[in-house]
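All figures in this text were calculated on a predicted structure; none of them were measured in a lab. Atoms considered below: every heavy atom in the structure, side chains included; atoms not considered: hydrogens, waters and symmetry mates.
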Amino acid sequence: MTGMDDIITEESLATLIPAFYARVRQDSLIGPLFNAAIHDWDEHLGKLTAFWSSVMLTSGRYKGSPMAAHLRHADAIKPEMFARWLEIWNETTAELMPPRAAAALQEKAGRIGESLQLGLLYRPDARAA
């Protein structure tokens with residue numbers, strides 16, 4: 001257990017994730033990318049809820065590769081999109097989760113975002129000589 005299982009539950013994640021992505025889908029900066037990339041939102045929300053369950057509750061429910069999923073859209077993903085995603089995440093978690101849970105989710109999302117950015121945007125072979 002991560003120590004979060006008393007404040008983050010499967011039920012709270014099942015509420016948080018759809019609420020968050022409803023906001024993402026309406027956002028003028030990142031909404032178009034997500035709406036073009038995701039064809040079955042019900043299925044995707046299930047995967048995302050399983051991902052956060054695995055990350056925060058160590059449930060092992062998620063079986064996938066976030067990096068591989070994001071690499072398929074690397075050409076369309078811009079650095080400012082990560083900041084906007086995190087801004088919406090922070091707002092949503094602060095509104096829907098207890099403060100300690102929100103802080104833990106925000107901290108974890110920040111680290112995941114940094115890792116994804118490094119994996120997607122750092123291309124040493126593309127640097128000018």
With sequence neighbours left out, the residues meeting ring-ring contact (aromatic ring centres under 6.0 Å, His included) with His73 are none
If you measure from CG on Leu48 to CD1 on Ile38, what distance do you get to the nearest 0.5 Å? 7.0 Å
Side-chain contact test, heavy atoms from C-beta onward, threshold under 4.5 Å: evaluate it for Leu16 versus Ile8 and give yes or no. no
Using the ring-ring contact (aromatic ring centres under 6.0 Å, His included) criterion, which residues pair with Phe51? Sequence neighbours excluded. Tyr62
Can you run down the side-chain hydrogen bond (donor to acceptor under 3.5 Å, both in side chains) pairs that involve residues 107-121, sequence neighbours left out, and say none if there aren't any? Glu107-Arg111
Under the rule for side-chain hydrogen bond (donor to acceptor under 3.5 Å, both in side chains), what residues qualify as partners of Ser59, not counting sequence neighbours? Ser53
When the side chains of residues 18-31 are checked against the rest of the protein, which donor-acceptor pairs come out under 3.5 Å, sequence neighbours left out?
{"residue": "Tyr21", "atom": "OH", "partner": "Trp85", "partner atom": "NE1", "Å": "3.4"}
{"residue": "Arg23", "atom": "NH1", "partner": "Thr92", "partner atom": "OG1", "Å": "3.0"}
{"residue": "Arg23", "atom": "NH1", "partner": "Glu95", "partner atom": "OE1", "Å": "3.3"}
{"residue": "Arg23", "atom": "NH2", "partner": "Glu95", "partner atom": "OE1", "Å": "2.5"}
{"residue": "Arg25", "atom": "NE", "partner": "Asn35", "partner atom": "OD1", "Å": "3.1"}
{"residue": "Asp27", "atom": "OD1", "partner": "Arg84", "partner atom": "NE", "Å": "2.7"}
{"residue": "Asp27", "atom": "OD1", "partner": "Arg84", "partner atom": "NH2", "Å": "2.8"}
{"residue": "Asp27", "atom": "OD2", "partner": "Leu29", "partner atom": "N", "Å": "3.0"}
{"residue": "Asp27", "atom": "OD2", "partner": "Ile30", "partner atom": "N", "Å": "3.1"}

Separation of Ile88 CD1 from Thr93 OG1 (nearest 0.5 Å): 11.5 Å
When you compare the side chain of Met67 with that of Leu120, does any pair of heavy atoms fall below 4.5 Å? yes
Can you tell me how far apart CG (Leu71) and CD1 (Ile77) are? Round to the nearest 0.5 Å. 8.0 Å
What is the minimum heavy-atom distance between Ala94 and Gln106, and which atoms define it? N-NE2, 3.8 Å
Set of side-chain hydrogen bond (donor to acceptor under 3.5 Å, both in side chains) partners for Thr49, sequence neighbours left out: none
Got a second to check how far Asp40's CG is from Leu45's CG, nearest 0.5 Å? 9.0 Å
What pairs meet the salt bridge (Lys or Arg N to Asp or Glu O under 4.0 Å) rule with one or both residues in residues 41-63, with sequence neighbours excluded? Glu10-Arg61, Glu43-Lys47
